[in-house]
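Here is the structure we will look at, set down as structure tokens.
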Amino acid sequence: MSVFTIVMHKAYLSLGANIGDREHNIREAVLLLDSLAGHVTRVSSFLETEPWGFSSSHRFVNVCVCLMTSLSPMSLLKATQNIESRLGRSAKSVEGRYEDRVIDIDILLYDDLTVNLPELQIPHPLMYERDFVMIPLREILQ
């Protein structure tokens, strides 16, 4: 008989959508996170905001979630990208060029870990500049 312990990590993620049924897209992303990436323990209130970093007539709906996960940071990134793809997102922003999106999921924090890779930076490098991240994040920090 082998006994093993699954190590769980606390991650905070930001979700945003500004095209399609924005609230539905976020709810679906939260359900997919809960089933594919771990267990969502907290979800912030929905916050409607203006686009950040680009011009659009479409306002965003943003939330933050707390996720307990056994996934590594890179596996969690792959899971979030898979969820974005399943919900209709075709590409991430490239070289700081932002555009309208059906869903966007960013990893903000992962335990007390710092990651500095080209494809993943934790803590998220721009989170402190973005009220649409910090307001819902402060609501659920635990």
Side-chain angles (χ1 to χ4, degrees), residues 3-142:
V3 176
F4 63 93
T5 303
I6 297 175
V7 177
M8 298 301 286
H9 305 277
K10 186 182 290 188
Y12 289 91
L13 291 80
S14 174
L15 291 77
N18 79 325
I19 54 176
D21 186 337
R22 302 167 305 163
E23 291 185 13
H24 173 78
N25 295 343
I26 288 177
R27 284 189 190 96
E28 285 297 310
V30 170
L31 289 173
L32 287 168
L33 283 167
D34 195 64
S35 65
L36 301 174
H39 177 61
V40 174
T41 61
R42 299 204 59 179
V43 180
S44 72
S45 303
F46 285 67
L47 178 67
E48 189 171 39
T49 62
E50 294 295 327
W52 186 94
F54 72 106
S55 295
S56 174
S57 60
H58 305 286
R59 292 174 56 89
F60 274 85
V61 170
N62 299 96
V63 302
C64 284
V65 301
C66 179
L67 177 76
M68 297 304 297
T69 184
S70 62
L71 299 177
S72 70
M74 288 304 297
S75 294
L76 180 56
L77 176 64
K78 288 180 180 22
T80 62
Q81 291 170 338
N82 176 296
I83 291 166
E84 289 173 334
S85 177
R86 287 174 96 166
L87 293 176
R89 181 148 186 203
S90 56
K92 288 292 265 185
S93 304
V94 178
E95 296 178 7
R97 290 190 305 265
Y98 299 107
E99 55 190 42
D100 292 329
R101 59 208 91 156
V102 66
I103 192 69
D104 183 43
I105 306 171
D106 289 327
I107 302 169
L108 304 174
L109 301 166
Y110 182 102
D111 290 339
D112 293 326
L113 195 63
T114 298
V115 176
N116 194 10
L117 299 170
E119 63 274 24
L120 179 62
Q121 293 84 47
I122 300 173
H124 192 287
L126 299 174
M127 63 188 257
Y128 297 107
E129 299 175 23
R130 298 172 169 175
D131 285 343
F132 67 86
V133 170
M134 295 308 297
I135 291 170
L137 180 60
R138 283 186 192 106
E139 181 184 330
I140 65 165
L141 273 174
Q142 50 178 320

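Heads up: numbering here begins at 1 and tracks the sequence.
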Can Val115 and Gln121 be said to form a side-chain contact (heavy atoms from CB on, under 4.5 Å), step by step? CA-CA 5 Å; Val115 176; Gln121 293 84 47; over 6 Å; no
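- Interatomic distance, Ile107 CD1 to Leu120 CG, rounded to the nearest 0.5 Å: 5.0 Å.
- Here the side chain of Asn18 pairs a donor or acceptor atom with the backbone of His58 at under 3.5 angstrom.
- The shortest non-hydrogen separation linking Ala79 to Leu71 is CB-CD1, 4.1 Å.
- Taken to the nearest 0.5 Å, the OG1 atom of Thr114 stands 9.5 Å off from the CG atom of Leu109.
- To the nearest 0.5 Å, atoms CG (Asn82) and CG (Leu77) are separated by 11.0 Å.
- Among all heavy-atom pairs drawn from Ile105 and Leu15, the shortest one is CG1-CG, 4.1 Å.
- Cys64 contributes atom SG, which lies 10.5 Å from atom CZ of Arg138 (distance to the nearest 0.5 angstrom).
- Pairs passing the side chain to side chain donor-acceptor pair (under 3.5 Å) check and including a residue from residues 63-73, sequence neighbours excluded, read Ser72-Ser75.
- Looking at heavy atoms from C-beta onward, Val43 lies out of side-chain contact with Ile140 at the 4.5 angstrom threshold.
- Using a 4.5 Å heavy-atom cutoff, the side chains of Leu76 and Leu67 are in contact.
- Arg86 places none of its side-chain heavy atoms less than 4.5 Å from the side chain of Glu28.
- Nearest heavy-atom pair across Val102 and Gly88 is CG1-C, 3.6 Å.
- Between Asp104 and Phe60, every side-chain heavy-atom pair lies at or beyond the 4.5 Å cut-off.
- A 4.5 Å side-chain heavy-atom check between Arg22 and Glu48 finds at least one atom pair inside the cut-off.
- Residues Leu32 and Leu87 meet the side-chain proximity criterion, which asks for heavy atoms closer than 4.5 Å.
- Across every non-hydrogen atom of Cys66 and Lys10, the tightest pair is SG-CG, 3.6 Å.
- To the nearest 0.5 angstrom, Asp111 atom CG is 10.0 Å from Tyr12 atom OH.
- The side-chain heavy atoms of Arg130 and Asn62, taken from C-beta on, include no pair separated by under 4.5 Å.
- Put simply, the side chain of Asp34 gets close to the backbone of Val40: a donor and an acceptor are under 3.5 Å apart.
- Between the CD1 atom of Ile19 and the CZ atom of Arg101 there is a distance of 9.0 Å, given to the nearest 0.5 Å.
- Heavy-atom minimum distance, Leu108 versus Met127: O-SD, 3.9 Å.
- Contact record, Pro73 with Ile122: CB-CD1, 4.1 Å, taken as the closest heavy-atom pair.
- For CZ of Arg59, the number of neighbouring non-hydrogen atoms (other residues, nucleotides, ligands) closer than 6.0 Å is greater than 12.
- Contact check for Thr49 versus Asp131: no side-chain heavy atoms found under the 4.5 Å cut-off.
- Every pair passing ring-ring contact (aromatic ring centres under 6.0 Å, His included) that includes a residue from residues 100-131 is listed here, sequence neighbours excluded: His9-Tyr110.
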